[in-house]
Each structure stands twice: as structure tokens, then as C-alpha cells.
Amino acid sequence: MRDFLERLPKVELHLHIEGSLEPELMFALAERNGVALSYASVEEVRAAYDFSDLQSFLDLYYQGMSVLRTAEDFFELAMDYFRRAHAEGVVHVELHFDPQAHRVRGVELSVVMEGLSLARRRAERELGLSTALIMAFLRDRPAEEAMTLLEEAAPYWEMLDAVGLDSAERGNPPEKFVEVFERAARLGIARVAHAGEEGPPDYIRGALDRLGVCRIDHGVRCLEDPALVARLRDERMVLTVCPLSNVRLRVVERLADHPLPRLLAEGLNVTLNSDDPAYFGGGMLDNFLACHQAFGWDRATFRTLAGNAIEAAFMGEARRAELRERLEACD
Ligand code: ADE
Ligand code: ZN
């Protein structure tokens with residue numbers, strides 16, 4: 001099965017590029033940029049990754065990214081991840097990035113965009129890896145700040161495949177961002193949002209009804225609301241589920257308790273993703289392997305999941321057709 005899951009052409013729809021920062025690169029960049037870390041070693045960093053919930057993770061996540069200062073840093077961050085993803089059979093990556101978390105440290109959007117754009121071009125050329133870019137708004141910061149970011153991103157609107165909504169979910173409902181998402185819609189930019197990770201099913205409804213999203217990041221708590229499940233099924237709404245993330249952030253206690261089998265049994269449009277691979281114990285292949293171990297899924301199930309992601313991805317139709325063919329040929 002490992003061999004099959006490695007060969008399976010995997011499309012990743014939910015990845016925070018800042019969450020792909022491995023401790024080794026964190027230390028190298030800290031040294032290069034003269035940033036003080038509160039850890040003595042790579043081992044100490046890894047040992048600190050014992051989270052009780054989303055907020056306890058976010059505290060370390062925002063601290064960890066403080067080493068990212070120059071365009072070269074963002075280039076290395078992304079290339080480091082693209083190489084690892086490519087090596088485990090990932091063929092397309094859609095990366096969220098968090099400009100506000102860099103801006104508050106004095107790192108401008110143009111710096112982030114320069115580094116990420118260079119890495120995306122390099123990955124395409126050298127690894128044959130296609131990518132898409134999702135600019136995320138931090139939902140625990142004011143909506144006005146998100147609107148300012150969207151306007152400041154004008155030189156890059158053409159490069160954005162979507163805008164997203166992430167960070168601390170509880171107490172920050174989608175409704176807070178209606179105006180920002182309406183503005184993105186008028187600009188013709190697609191919308192996605194984290195919802196139903198820690199927040200209630202109503203946040204999923206809010207994201208659908210008020211933000212006009214074309215997919216829900218996580219969404220696992222939809223199962224608490226049967227009418228919502230029926231709607232998600234009828235609309236073929238994509239859920240970007242992140243199994244290892246949900247275990248590490250204690251959305252579920254053990255992977256064996258994860259709602260994934262129920263989501264599939266309900267006929268929902270599920271995809272598997274890694275979220276923040278450097279923090280949650282592995283990338284796409286590890287997530288696929290863990291699901292095989294926990295649920296005993298067969299090849300057909302994994303092929304369905306990989307196919308769902310190919311159909312849902314922000315990519316041109318020629319690339320989609322190519323990936324469908326690769327999936328077809330993988331047995
Ligand atoms: N930012 C990075 N990872 C996240 C997650 N799992 N949920 C919300 N915001 C995030
Ligand atoms: Zn996420």
C-alpha cells in the first residue's frame with residue numbers, strides 16, 4: 001500500500017506554507033537573520049509541539065514564522081516544502097499564506113510575494129509541480145485590516161487563485177468578513193474559508209451563505225447538523241479535511257475516532273490534506289498512510305479521494321486532464 005500511496009498523484013488543497021517550516025530551516029534562518037529563538041535545539045522545538053487546541057498551536061506557529069524576513073527566506077521556505085512534497089508524489093499544491101502575520105513584523109506583502117512567486121516558478125520548471133496561491137485573512141484580527149490588505153494586494157490580484165480565512169475560529173464567525181469577501185467576489189477572486197474545525201456547524205453555513213465560498217477548509221463538525229450534511233452533499237461542496245492536524249489539535253482524540261469514514265459514508269466531497277505538515281507530524285503521504293492504518297481503506301477509496309482533489313483544484317483544464325490520466329493509470 002505504501003508504494004501505491006507514494007505513486008498516487010496527490011493534489012494538496014489545504015496547506016499553510018508557513019506551517020511547512022521545519023525546525024532545521026527555522027534555526028538556519030534565525031541565525032542568518034539574527035532572530036533569537038526561545039529554543040536551544042531542533043529537538044527542543046519538536047518537543048514543544050504538544051498542542052492542546054488550535055490556539056496553543058497558533059501561538060507557536062506565529063512565533064516560528066518570525067524568522068522569515070526576506071524574499072529569499074520565503075523562497076527557501078516554499079522550495080523546501082515543494083521538494084519534500086514532490087518526493088512523496090504530490091503533483092499540485094495550493095498554498096495558503098498569511099500576509100498579516102508578516103506585516104505586523106514589518107515584512108511587506110511585496111517581499112512575501114517575490115519569494116513565493118520565484119519558488120512557484122522554480123517548482124513548476126524543475127519539479128513539474130503545479131501550484132495555486134490562496135491569500136488568507138486572519139479572522140482574529142479586525143475586518144478593516146483584511147480589507148486594507150485586499151486593496152494593497154491590487155498588484156497581485158491576477159496571481160491570486162483565491163482568498164481564504166484562517167487563524168482562531170471560535171468567536172470569529174464568517175459574518176465578520178462579509179464586506180471583504182464581497183469585495184473579493186466583485187474582483188472575480190474565488191473564496192474559501194476555514195469553518196467547522198473548532199467552530200460550530202453554523203460557521204459552515206455562514207461561510208457558504210455570507211462569504212460565497214467554493215470550498216470549506218476542514219468542515220468536520222458539519223456532522224453535528226444533518227440538514228447541513230444534506231446540503232453539502234447536494235451541492236457537492238468540497239471539504240479539505242486534514243486528519244493528522246485534527247489529531248494534533250485535539251479536534252479528535254485518536255485518528256480511529258476521526259469522522260472521515262462517516263463523512264465518506266454520507267457521500268460528501270472529501271479531500272485529504274496536511275494543513276501544517278511541519279507541526280502536525282507529516283505531509284500528504286503520512287496523512288494518507290495514517291488513514292490506511294486507521295481505517296483500512298482500499299485503493300479505490302484513495303483513488304476517489306485523490307480524484308476529488310483533482311476535480312476541485314484551481315488549475316487549468318489541460319493540467320486537470322493530465323492529472324486525471326495519471327490517476328487513471330495508477331494501479
Ligand atoms: N493557520 C494555520 N493552520 C491553521 C489551522 N489549522 N486552522 C486555522 N488557522 C490556521
Ligand atoms: Zn488550515
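Position 1 is the first residue of the sequence, and the numbers go up from there. Every number for a ligand or one of its atoms is a count from 1 in the order of the listing.
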Does a donor on one side chain sit under 3.5 Å from an acceptor on the other, for Arg105 and His102? yes

Taking 2.8 Å as the cut-off, does His16 contribute an N, O or S atom near the Zn ion (ligand 2), distance below it? yes

Relative to each other, are the rings of Phe302 and Trp297 parallel, tilted or perpendicular (30° and 60° limits)? perpendicular

Please determine whether any non-hydrogen atom of Gly19 lies less than 4.0 Å from an atom of ligand 1. no

Is the Phe27-Tyr39 ring centre distance short of 6.0 angstrom? no

Distance under 4.0 Å to a non-hydrogen atom of Glu197: what atoms of ligand 1 satisfy this? 5 (C), 6 (N), 7 (N), 8 (C)

Backbone or side chain, does Cys242 get an N/O/S atom under 2.8 Å to the Zn ion (ligand 2)? no

Compute the angle centred on the Zn ion (ligand 2) spanning NE2 of His194 and NE2 of His14, and express it rounded to 10 degrees. 90°

Kindly assign one of parallel, tilted or perpendicular to the pair Phe177 and Phe137, based on the angle between their ring planes and the thresholds 30° and 60°. parallel

Examine ligand 1 and decide if any of its atoms is less than 4.0 Å from a heavy atom belonging to His218. yes

At a threshold of 2.8 Å, where the distance has to be below it, does the Zn ion (ligand 2) have an N, O or S atom of Asp166 nearby? no

If I consider every N, O or S atom in Asp275, which one ends up closest to the Zn ion (ligand 2)? I only need its name. OD1

Just jot down the ligand 1 atoms closer than 4.0 angstrom to any heavy atom of Asp276, in number order. 2 (C), 3 (N), 4 (C), 6 (N)

Could you tell me whether any N, O or S atom belonging to His96 is less than 2.8 Å from the Zn ion (ligand 2)? no

Look only at interatomic distance and state if Ser167 has a nitrogen or oxygen under 3.5 Å from any nitrogen or oxygen of ligand 1. yes

Donor + acceptor pair across side chains of Asn308, Thr271 (<3.5 Å): no

Give a yes or no on whether a salt bridge exists between Arg121 and Glu124, defined as a side-chain N under 4.0 angstrom from a carboxylate O. no

Do the non-hydrogen side-chain atoms of Arg205 and Pro201 ever get within less than 4.5 Å of each other? no

